[in-house]
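These notes concern the structure reproduced below.
Everything quoted here is computed from the prediction, not taken from an experiment. Each ligand, and each atom within it, is numbered from 1 in the order the structure gives. Below, all heavy atoms of this structure are taken into account, side chains as well, without hydrogens, waters or symmetry copies.
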Amino acid sequence: MKASGLPTHVIITNQMNNDLLRVISKKNYSKLVVLVDSNTRKACYPKLNSELPAHDIIEIEAGEEQKNLATCEKVWQQLTDLNADRKALLIVLGGGVPGDLGGFCAATYKRGIDFILIPTTLLSQVDASVGGKLGIDFHGFKNHIGVFQEPVATIIDPRFLETLSTAELRSGFAEVIKHCLLSDKAMWDIIRKKKLGELDWTVMVPHSVSFKAKVTQADPKESGLRKILNFGHTIGHALESYFLNTPNRLLHGEAIAIGMIAESWIALQRNLLTQDELLQIQAYIISLYGKVNLPLDKTSVVSLALQDKKNVGDKILIAVPKGVGNHVWDLETSEAEIIEALNFYEGLTT
Ligand SMILES: NC(=O)c1ccc[n+]([C@@H]2O[C@H](COP(=O)([O-])OP(=O)(O)OC[C@H]3O[C@@H](n4cnc5c(N)ncnc54)[C@H](O)[C@@H]3O)[C@@H](O)[C@H]2O)c1
Ligand SMILES: [Zn+2]
């Protein structure tokens, strides 16, 4: 599969087992442990080659609610019970939750053991797979505790997506749309004419991973360029948090999809996008994600946006496309403008 500019440890393949065996054989590991969640154990673990050398399995419950310190304790305890020493290898087979948590556990167990990530959701393949961010949620704060640490290998095989639910696939696809809008007008012109089921993941996954890798390599610690990846996320995260404890909970990508429309509207106000570009963006996103009823109380959504980690002081800073295929970051917006942007979304007809 074609992907350019990837860090050497990131492998996109349709021969996952061969690549895994090759990476493992490079070092003399004392023990292999595979970390799965309750779903990836059933859907993904059987796809690991029976030739994988003897290994133990640690299974965690599936879901974001598990991405916490209590689950880390269980993983560290099981590693301890298995007598895993500093030469052990942890292979994390799962989406972003096992990836972030498992990587964090490995990076801290006995001051750090090697780990391999095998991301199995679209979101984890195109987003969490590069950039070295690991961590857990803490007391309601998302990704509050964590480290930057690269795995010895990240092995991405789009065939894992075959068992993923449509809802999860569509959620991860929001990041793919984001990557196209920020970096590649030609690819945007291709995808915006396609339905989810018509997309070729062996093309889209490498395309998206290459873009994310380029950005994170240029700015590993998020001091500038990497902030562009926040497009759609200032307003999207606020909506995701708002709906978290309601019956209308949104998947991450569903919230980001709304955020991308609202933030594109702000870009239009600054002449960074044309009316036609905004129309294309809103039409495509709504055709895929439908229209969500927003809360009447928009000020509480805005107060959540004020807590965004990317803000500086009391300024609300967003990243948006500057013409489809290009981008700006640290664009200042205001509480009033975010409310207007949400009103714009609300007024759209499907
Ligand atoms: N580290 C980063 O840079 C980064 C980037 C983006 C997101 N994240 C994190 O990733 C997490 C979300 O990731 P996610 O959406 O992958 O969540 P997830 O790991 O919870 O996976 C979503 C669901 O799909 C199931 N699943 C996974 N792979 C499957 C497969 N192949 N077939 C069937 N079911 C499968 C899981 O069990 C789970 O129920 C969040 O915690 C987010 O903070 C991290
Ligand atoms: Zn995201």
Side-chain angles (χ1 to χ4, degrees), residues 10 16 35-48 59-68 71 92-104 107 117-138 141-151 154 156-179 182 201 205 208-209 212-213 215-216 220 222 226 228-237 239-241 244 250-260 308-310 319:
V10 178
M16 180 259 308
L35 177 74
V36 286
D37 73 21
S38 39
N39 294 326
T40 61
R41 179 164 196 165
K42 289 190 212 99
C44 306
Y45 179 70
K47 292 183 176 162
L48 287 193
E59 180 179 323
I60 59 173
E61 287 302 310
E64 182 73 30
E65 314 76 51
Q66 310 302 324
K67 204 175 115 175
N68 58 30
T71 308
V92 185
L93 182 66
V97 167
D100 280 10
L101 178 137
F104 176 67
L117 294 181
I118 307 182
T120 60
T121 62
L122 183 57
L123 181 67
S124 60
Q125 294 195 345
V126 299
D127 196 348
S129 60
V130 278
K133 283 186 182 175
L134 307 169
I136 53 168
D137 306 332
F138 183 70
F141 296 105
K142 211 165 141 45
N143 299 327
H144 200 60
I145 308 291
V147 293
F148 279 95
Q149 172 77 55
E150 296 289 0
T154 300
I156 302 172
D157 188 334
R159 286 173 309 166
F160 281 118
L161 305 179
E162 288 160 12
T163 54
L164 198 61
S165 70
T166 308
E168 293 291 350
L169 195 68
R170 196 179 69 151
S171 175
F173 188 56
E175 309 292 347
V176 175
I177 297 175
K178 179 187 81 176
H179 291 169
L182 291 170
W201 300 118
V205 169
S208 240
V209 175
K212 171 122 195 224
V215 172
T216 52
E222 212 161 349
R226 189 167 179 167
I228 64 172
L229 301 174
N230 207 36
F231 169 47
H233 283 64
T234 307
I235 295 179
H237 266 156
L239 288 167
E240 190 180 5
S241 308
L244 196 61
L250 294 176
L251 289 177
H252 177 70
E254 294 169 336
I256 298 319
I258 304 171
M260 285 193 285
D308 193 286
K309 286 196 207 75
K310 274 91 187 171

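Look at Gly94 and you'll find every heavy atom at least 4.0 Å from all atoms of ligand 1. The closest approach between any non-hydrogen atom of Cys44 and ligand 1 is below 4.0 Å.
Atom 10 (O) of ligand 1 has as its closest protein heavy atom Gly96 CA, 3.2 Å. In this structure, the protein non-hydrogen atom closest to atom 41 (O) of ligand 1 is Glu64 OE1, 2.5 Å. Counting protein heavy atoms only, atom 25 (C) of ligand 1 is closest to Asn39 ND2, 4.0 Å. Residue, atom and distance of the protein heavy atom nearest to atom 42 (C) of ligand 1 are Lys142 NZ, 3.5 Å. Atom 27 (C) of ligand 1 has Thr121 CG2, 3.2 Å as its closest protein atom, hydrogens excluded (heavy atom only). The nearest protein atom to atom 12 (C) of ligand 1, hydrogens excluded, is given as Leu123 CD2, 3.5 Å; this is a heavy-atom distance. Nearest to atom 32 (N) of ligand 1 among the protein's heavy atoms is Thr163 OG1, 2.7 Å. Taking atom 34 (N) of ligand 1 as the reference point, the nearest protein heavy-atom neighbour is Leu164 CD1, 3.9 Å.
Lys142 pairs in a side-chain hydrogen bond (donor to acceptor under 3.5 Å, both in side chains) with only one of the listed residues (His252, Glu64, Glu240), which is Glu64.
For the pair Asn143 and Asp137, the minimum side-chain heavy-atom distance is below 4.5 Å. Side-chain contact between Tyr45 and Thr40: absent, with no pair of heavy atoms (C-beta onward) separated by less than 4.5 Å. Residues Val215 and Leu229 are in side-chain contact: their nearest non-hydrogen atoms beyond the backbone lie under 4.5 Å apart. A 4.5 Å side-chain heavy-atom check between Leu93 and Arg41 finds every atom pair outside the cut-off. Between Ile60 and Asp37, the closest side-chain pair of non-hydrogen atoms falls below 4.5 Å. Using a 4.5 Å heavy-atom threshold, the side chains of Ile156 and Val10 count as touching.
Panel note: side chain Ser241, backbone His237; a donor-acceptor pair is recorded below 3.5 Å. A donor-acceptor contact shorter than 3.5 Å links the side chain of Thr216 to the backbone of Ala213. In this structure, Asp100 contributes its side chain and Leu134 its backbone to no donor-acceptor pair below 3.5 Å. Gln66 contributes no side-chain N or O that, together with a main-chain N or O of Gly63, makes up a donor-acceptor pair within less than 3.5 Å.
The distance criterion of under 3.5 Å between nitrogen or oxygen atoms is met by Val97 with respect to ligand 1.
For the Zn ion (ligand 2), protein N, O or S atoms closer than 2.8 Å were enumerated as Glu175 OE2, His233 NE2, His252 NE2, with waters left out.
Each of the atoms 19 (O) of ligand 1 lies under 4.0 Å from some heavy atom of Pro98. Here is the list of ligand 1 atoms found below 4.0 Å of a heavy atom in Ala43: 32 (N), 33 (C). Heavy-atom proximity to Asp37, at under 4.0 Å, picks out these atoms of ligand 1: 36 (C), 37 (O). Per-residue contacts place Thr40 under 4.0 angstrom from the following atoms of ligand 1 (heavy atoms of the residue considered): 27 (C), 28 (N). For ligand 1, the atoms lying closer than 4.0 Å to a non-hydrogen atom of Gly95 are 16 (O), 19 (O).
With a heavy-atom cut-off of 4.0 Å, Lys67 touches ligand 1 through its side chain alone. Here Asp137 has no heavy atoms under 4.0 Å from ligand 1, in either its backbone or its side chain. Under 4.0 angstrom from ligand 1, there are no non-hydrogen atoms of Leu161. Residue-level proximity to ligand 1 for Lys133 is carried by backbone and side chain together, each with a heavy atom below 4.0 angstrom. Contacts between Ala128 and ligand 1 below 4.0 angstrom, taking non-hydrogen atoms only, involve backbone and side chain alike.
Nearest heavy atoms, Val147 versus Ala107: CG2-CB, 4.0 Å. Taking all atoms of both residues into account, the shortest heavy-atom contact from Lys178 to Phe231 is CD-O, 3.5 Å.
Rounding to the nearest 0.5 Å gives a distance of 8.0 Å between NE2 of His233 and CE of Met260.
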What pairs of donor and acceptor atoms, side-chain ones from residues 122-132 against any protein atom, are under 3.5 angstrom apart with sequence neighbours left out?
from, atom 1, to, atom 2, distance (Å)
Ser124, OG, Thr120, N, 3.4
Ser124, OG, Thr121, N, 3.1
Ser124, OG, Thr121, O, 3.1
Ser124, OG, Thr121, OG1, 2.7
Gln125, NE2, Pro119, O, 3.0
Gln125, NE2, Asp157, O, 3.1
Asp127, OD1, Lys212, NZ, 2.7
Ser129, OG, Gln125, O, 2.5

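The nearest non-hydrogen atom to atom 44 (C) of ligand 1, considering only Leu122, Val36, Asp127, Asp100, comes from Asp100.
Within 6.0 Å of atom CZ in Phe141, 12 or fewer heavy atoms from other residues, nucleotides or ligands are found, so the atom counts as exposed in its surroundings.
Below 30°, between 30° and 60°, or above 60°: for Phe173 and Trp201 the angle between ring planes is above 60°, a perpendicular geometry.
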